[in-house]
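Below is one structure; the comments refer to it alone.
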Amino acid sequence: MLNFDYYNPTRIAFGQGKVAELANLVPANARVLVLLGGNSACSNGTLAEVRAALGARYVEEFSGIEPNPQYDTLMRAVAQIKANKLDFLLAVGGGSVIDGTKFIAAAVYANDEPWNILLKHGANVEAAMPFGSVLTLPATGSEMNNGSVISRGSDKLFFTSEQVFPLFSVLDPTRSYSLPPRQLANGVVDAYTHIMEQYLTYPVEARVQDRFAEGLLQTLIEIGPKVVEAPHDYDTQANFMWVATLALNGLIGAGVPQDWATHMIGHEITALHGLDHAQTLAIVLPAMLSVRRADKRAKLLQYAARVWQLTEGSEEARIDAAIQRTREFFEKLGAKTRLSDYQIGQEAIPSILAQLEAHGMVMLGEHQNVSLDKSREVLLAAA
Ligand code: NZQ
Ligand code: ZN
């Protein structure tokens, strides 16, 4: 096992009716800014529950944080906070609203141009406003981690900082009942890929992390189809919400090598072509595993055996079958797994590679050997 420091200060309030606990979770004298996406939190009743729980506190709202949150939008919230001396942020939404809130929390205290937070991937963040979240879309894990992904034009960059862990997150599975099938499928694919980025590298005798990861993957395989088909089934959605949080709250990634090449390539596809985050992962992950099978051989065989019960046949056949099962799982959920399924042809590949180069993403993966040539191979395999 590798050495690690593990730190996660986010309190989780989990279960039906837990939005009411905002009454205790948000400081009584706070001047609150509630941050929202489009209309979903209003139309499904979550916003009404939030307003009721905040009671007599001074509350303003900022809505319009878009999927793949945009820098210019977020800077308008920063201006509102400064102008009205607000001191507590409450994100109500999916990963985009929570990520946007993390950026806003840090940008309020930035000494220089806030976009530098992204260019420096968070190394320059010294302080951030306190914030909590009410999660409405299980997928990113943003509700219990310190990462954030922000877009500006054709740049989609991430930052991490210990300053931007949520103080608390409310996870009420009934608050995601209104999600459409596409977002539910996206959530399953995103969580699945987060686990794979931390699990499917090379063995380091990290037995607990491996077993945790395999348990989370198997849970997603078990419940994934029902997540999409039965959005109002409490137990299914509760398990889904908790798996998605555990997939990226640092627990399974502590003490193990991590990959993240699929995500970095995926972010460029979203930036250039506007695909949903998880759609890009469904495209890139199977191709990534196939192209890098030599580096990942031992873990691919472990994945085949323990997650998909594939123990017969040659090693190569088992690896092929495990990758094929992964692809079929995504497809069954409704997430297409080829660039061509989204009308993106091979002629688009050079510009994706140029973006990777511009963003310094030229030595990706657990061995830092996913060069631009390797990324090209992956994209060709995903065509
Ligand atoms: O804007 P509204 O009206 O709220 O609608 C949203 C949005 O259109 C809708 N939605 C959310 N909750 C709903 C709902 N619709 C009906 N009922 C509900 N209960 O869903 C749509 C997508 O929302 P979004 O927040 O964009 O989705 P997601 O949670 O998948 O977040 C994606 C963003 O997170 C980043 C991605 O890159 C992308 O920008 N990521 C963040 C990570 C992190 N912080 O650790 C890691 C991830 O790998 C990812 O990169
Ligand atoms: Zn992701």
Side-chain angles (χ1 to χ4, degrees), residues 185-228 240 243-244 246-248 252-253 256-263 265-266 278-339 341 364-367 369-370 374-375 377-383:
N186 280 348
V188 176
V189 171
D190 196 19
Y192 197 94
T193 307
H194 293 159
I195 302 163
M196 293 291 271
E197 298 271 28
Q198 300 163 90
Y199 165 71
L200 223 149
T201 58
Y202 56 90
V204 292
E205 281 291 325
R207 289 166 179 264
V208 174
Q209 293 89 327
D210 279 5
R211 295 284 187 192
F212 268 141
E214 289 154 0
L216 295 173
L217 291 170
Q218 285 177 304
T219 305
L220 283 175
I221 291 166
E222 258 168 42
I223 66 173
K226 199 164 174 196
V227 164
V228 179
F240 173 39
V243 169
L246 290 170
L248 195 49
I252 64 168
V256 297
Q258 301 194 15
D259 184 340
W260 298 104
T262 295
H263 267 72
I265 296 175
Q279 292 175 330
T280 71
L281 306 177
I283 294 167
V284 178
L285 182 67
M288 183 72 73
L289 297 178
S290 188
V291 166
R292 292 170 61 206
R293 66 176 63 209
D295 280 347
K296 293 179 177 292
R297 188 172 191 82
K299 271 312 205 31
L300 278 167
L301 288 166
Q302 183 177 326
Y303 171 63
R306 292 197 192 169
V307 176
W308 292 108
Q309 290 76 48
L310 296 163
T311 52
E312 311 268 299
S314 70
E315 291 190 351
E316 220 52 44
R318 278 180 265 155
I319 289 172
D320 278 336
I323 296 170
Q324 184 59 21
R325 294 286 179 93
T326 308
R327 184 186 295 283
E328 285 165 6
F329 175 59
F330 292 168
E331 294 271 352
K332 193 163 72 178
L333 297 169
K336 296 285 179 206
T337 59
R338 298 275 179 197
L339 282 168
D341 292 322
L364 298 171
E366 64 271 22
H367 297 294
N369 64 356
V370 181
K374 194 58 88 178
S375 292
E377 253 186 85
V378 170
L379 288 164
L380 283 170

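What's counted below: heavy atoms across the whole structure, side chains too, no hydrogens, waters or symmetry copies.
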Query - Those residues that, when tested against Y192, pass ring-ring contact (aromatic ring centres under 6.0 Å, His included) (two or more places apart) - result: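 In terms of ring-ring contact (aromatic ring centres under 6.0 Å, His included), with neighbours along the sequence ignored, Y192 is linked to F329, F330.
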
Please report the shortest heavy-atom distance between [X] and [Y], naming the atom on each side.
| X | Y | answer |
| --- | --- | --- |
| G365 | D259 | CA-OD1, 3.4 Å |
| T311 | A305 | CG2-CB, 4.1 Å |
| A247 | I252 | O-CD1, 3.8 Å |
| A206 | V256 | CB-CG1, 3.5 Å |
| A287 | R327 | N-NH2, 4.5 Å |

**Report entry** Counterpart residues, side chain to side chain donor-acceptor pair (under 3.5 Å), relative to Q209 (two or more places apart)
**Finding:**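 Listed in chain order: nothing, the list is empty.
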
Query raised in the report: Yes or no on side-chain contact (heavy atoms from CB on, under 4.5 Å) for V188 and F240, after CA distance, side-chain angles and deciding distance?
Result: CA-CA 8 Å; V188 176; F240 173 39; 3.7 Å; yes

[X] side chain vs [Y] backbone, donor-acceptor pair below 3.5 Å:
| X | Y | value |
| --- | --- | --- |
| T193 | V189 | yes |
| Q198 | H194 | yes |
| D341 | R338 | yes |
| E197 | H263 | yes |
| R293 | I319 | no |

Is the closest basic N to carboxylate O distance between [X] and [Y] below 4.0 Å?
| X | Y | result |
| --- | --- | --- |
| E366 | R292 | yes |
| R297 | E316 | yes |
| E312 | R318 | no |

Straight-line distance of [X] [atom1] to [Y] [atom2], nearest 0.5 Å:
| X | Y | atom1 | atom2 | value |
| --- | --- | --- | --- | --- |
| Q279 | N186 | CD | CG | 5.5 Å |
| R306 | L217 | CZ | CG | 12.0 Å |
| I223 | K226 | CD1 | NZ | 10.0 Å |

Any [X] side-chain heavy atom under 4.5 Å of [Y] side chain:
| X | Y | value |
| --- | --- | --- |
| T280 | I265 | no |
| L379 | I283 | no |
| V208 | R211 | no |
| W260 | L364 | no |
| R325 | L310 | yes |
| D295 | H367 | yes |
| V291 | K374 | yes |
| L200 | L300 | yes |

Requested in this report: For the pair L289 and M196, evaluate side-chain contact (heavy atoms from CB on, under 4.5 Å) and give the outcome as yes or no after the intermediate values.
Outcome: CA-CA 10 Å; L289 297 178; M196 293 291 271; 3.8 Å; yes

Query raised in the report: So is K296 actually on top of Y202's ring, under 6.0 Å and inside 45° of the axis?
Result: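 No, K296 does not lie over the aromatic ring of Y202.
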
Report task. Could you check V284 against V378 for side-chain contact (heavy atoms from CB on, under 4.5 Å), going step by step and ending with a plain yes or no? Result -> CA-CA 7 Å; V284 178; V378 170; 4.0 Å; yes

Query raised in the report: Can Y303 and T326 be said to form a side-chain contact (heavy atoms from CB on, under 4.5 Å), step by step?
Result: CA-CA 10 Å; Y303 171 63; T326 308; 2.6 Å; yes

**Report entry** side-chain hydrogen bond (donor to acceptor under 3.5 Å, both in side chains) assessment of E328 paired with Q324
**Finding:** CA-CA 6 Å; E328 285 165 6; Q324 184 59 21; 3.0 Å; yes

